[in-house]
Protein chains: 2
Amino acid sequence: MTRTSITPSGITPSGITPSDDAAPAAEGRPFSQILDRLRGAGLRPTRQRMALAKLLFDGGDRHLTAEMLHADAQSANVRVSLATVYNTLHQFHRAGLLREIVVDSQRTYFDTNMSDHHHFYFDETGELSDIPGDQVEVAALPPVPDGMAVSRVDVVVRVRPADA
Amino acid sequence: MTRTSITPSGITPSGITPSDDAAPAAEGRPFSQILDRLRGAGLRPTRQRMALAKLLFDGGDRHLTAEMLHADAQSANVRVSLATVYNTLHQFHRAGLLREIVVDSQRTYFDTNMSDHHHFYFDETGELSDIPGDQVEVAALPPVPDGMAVSRVDVVVRVRPADA
DNA sequence: CATCAGATTAAAATAATTCTAAACTTGACA
DNA sequence: TGTCAAGTTTAGAATTATTTTAATCTGATG
Ligand SMILES: [Mn+2]
Ligand SMILES: [Mn+2]
Ligand SMILES: [Zn+2]
Ligand SMILES: [Zn+2]
């Protein structure tokens with residue numbers, strides 16, 4: 001067994017953080033940031049991508065499914081088809097703006113928090129909460145199979161209501 | 001942050017191990033073991049449950065989906081409907097004979113290895129391989145949210161073909 | 001402004017899984 | 001050993017999340 005301490009989540013985004021500037025995330029933010037993010041990712045800033053990016057990145061760290069984001073959009077009077085929401089989430093993911101989290105074999109969650117971190121998963125409610133990367137230590141790992149490279153180490157702490 | 005070292009996989013089976021006796025797993029095994037396992041789990045030993053249990057537990061540790069087990073059954077000339085395979089897998093799971101692993105949000109894997117352990121996941125092929133529990137150390141964990149109890153800690157090491 | 005590659009979308013298709021309801025089995029027990 | 005209720009199996013329909021299709025738009029560029 002090798003004592004290599006492997007960092008969770010191999011690929012890190014290009015140093016971009018959701019709200020990188022002074023003021024705390026407010027409502028009517030300038031579009032320029034989001035615009036730059038999309039451009040930086042090589043994605044055309046279309047009406048729906050801009051709106052979805054705003055919903056995704058303007059309000060701190062979020063864990064959500066396509067359906068959730070779609071509902072969010074409707075509430076915000078943003079007209080986007082569910083297909084576009086799926087497309088956009090996958091594009092953002094490929095572009096390194098979102099993480100995909102596997103905790104439930106029935107739905108796919110996306111995470112706007114791109115920093116190294118892990119998760120608590122509340123089985124009952126289907127909610128996720130972050131565990132900062134420095135609060136978990138995957139100390140030892142066996143040698144990775146030959147010819148393979150670790151793309152990521154995911155730690156999921158499944159919790160449920162404590163009972164008697 | 002609490003320094004509680006939490007053991008992965010909370011609930012452990014009743015000390016039963018797949019091949020608990022001397023001889024290495026062979027083909028034409030006595031049914032008695034399987035029969036006892038089902039009885040012990042409070043499940044009626046029906047023809048299909050016996051056959052599926054044999055396929056599942058007679059050949060060492062396995063990670064499989066319902067479709068895979070169904071295919072296995074067909075190959076072995078065991079006639080079982082896919083619905084029964086699903087039912088059986090869930091029943092075995094509830095009875096503590098199988099583990100459910102979440103690594104792919106599109107299919108559900110079941111694991112015949114009930115010991116404390118973690119997994120390598122080969123994204124390309126969808127294959128899983130075990131990492132013995134004592135070869136991973138989840139050293140530190142933040143305090144579990146109030147009123148919650150850890151039901152399990154899953155570590156998934158995602159690997160892919162090493163490239164240039 | 002014309003052009004067109006790329007984007008959006010309604011609707012159909014797919015895939016994994018669950019449900020339904022009818023037709024069997026199993027395990028008592030007389 | 002025959003009977004029967006409870007538990008099981010199954011074909012097929014239904015459900016759900018997601019992807020695909022193909023037609024229609026729209027953003028960028030000259
Ligand atoms: Mn995906
Ligand atoms: Mn299940
Ligand atoms: Zn997260
Ligand atoms: Zn395993």
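First the proteins, then the strands, lettered A, B, ... as listed; each starts at 1.
Proximity of A/Thr65 to the phosphate of D/dA17: no side-chain N or O atom is located under 4.0 Å from OP1 or OP2. Residue A/Thr84 places no side-chain N or O under 4.0 Å from the OP1 or OP2 atom of C/dT8.
Using the six-membered ring where Trp is involved, A/Phe110 and A/His93 have ring planes that are perpendicular, over 60° apart on the 30 and 60° scheme. Using the six-membered ring where Trp is involved, A/His63 and A/His117 have ring planes that are tilted, between 30° and 60° apart.
Residues B/Asp154 and B/His119 bring no donor and acceptor atom of their side chains to less than 3.5 Å of each other.
Going from atom CZ of A/Arg94 over to atom C1' of C/dA7 covers 13 Å, rounded to whole Å. Nucleotide D/dT9 holds its P atom 15 Å from the NE2 atom of B/His90, rounded to whole Å. Residue B/Glu67 contributes atom CD, which lies 16 Å from atom P of C/dT14 at whole-angstrom precision. One atom, CE of A/Met50, and another, P of D/dT26, lie 17 Å apart when rounded to the nearest Å. As a whole-Å value, the separation of A/Asn87 CG from C/dT9 C1' is 9 Å. The distance from atom CG of B/Leu52 to atom C1' of D/dT9 is 11 Å, rounded to the nearest whole Å. Following rounding to the nearest Å, B/Tyr86 (OH) and C/dT20 (P) show an atom-to-atom distance of 18 Å. The nearest whole Å value for the distance from the CD atom in B/Gln48 to the P atom in C/dA23 is 18 Å.
Taking hydrophobic clusters as Ile, Leu, Val, Met, Phe, Trp and Tyr residues chained together by side-chain heavy-atom distances below 4.5 Å, A/Val102 does not share a cluster with A/Tyr109.
Within the 4.5 Å cutoff, the side chain of B/Asp123 has no heavy atoms near those of the B/Val159 side chain.
Picking from D/dT10, C/dT9, D/dT18 the nucleotide with the shortest atom distance to the side chain of B/Gln106 gives D/dT18.
Between B/Ala66 and B/Arg47, the one whose closest nucleotide on DNA chain C sits nearer the 5' end is B/Ala66.
Residue-level contact check: B/Arg107 touches the backbone only, with heavy atoms under 4.0 Å from sugar-phosphate atoms and none from bases. Residue B/Thr46 is in sugar-phosphate contact alone, with no base atom involved, counting any heavy-atom pair closer than 4.0 Å across all strands shown.
Counting atom types as modelled, B/Arg44 pairs a side-chain N or O with a base atom of C/dT26 as donor and acceptor under 3.5 Å.
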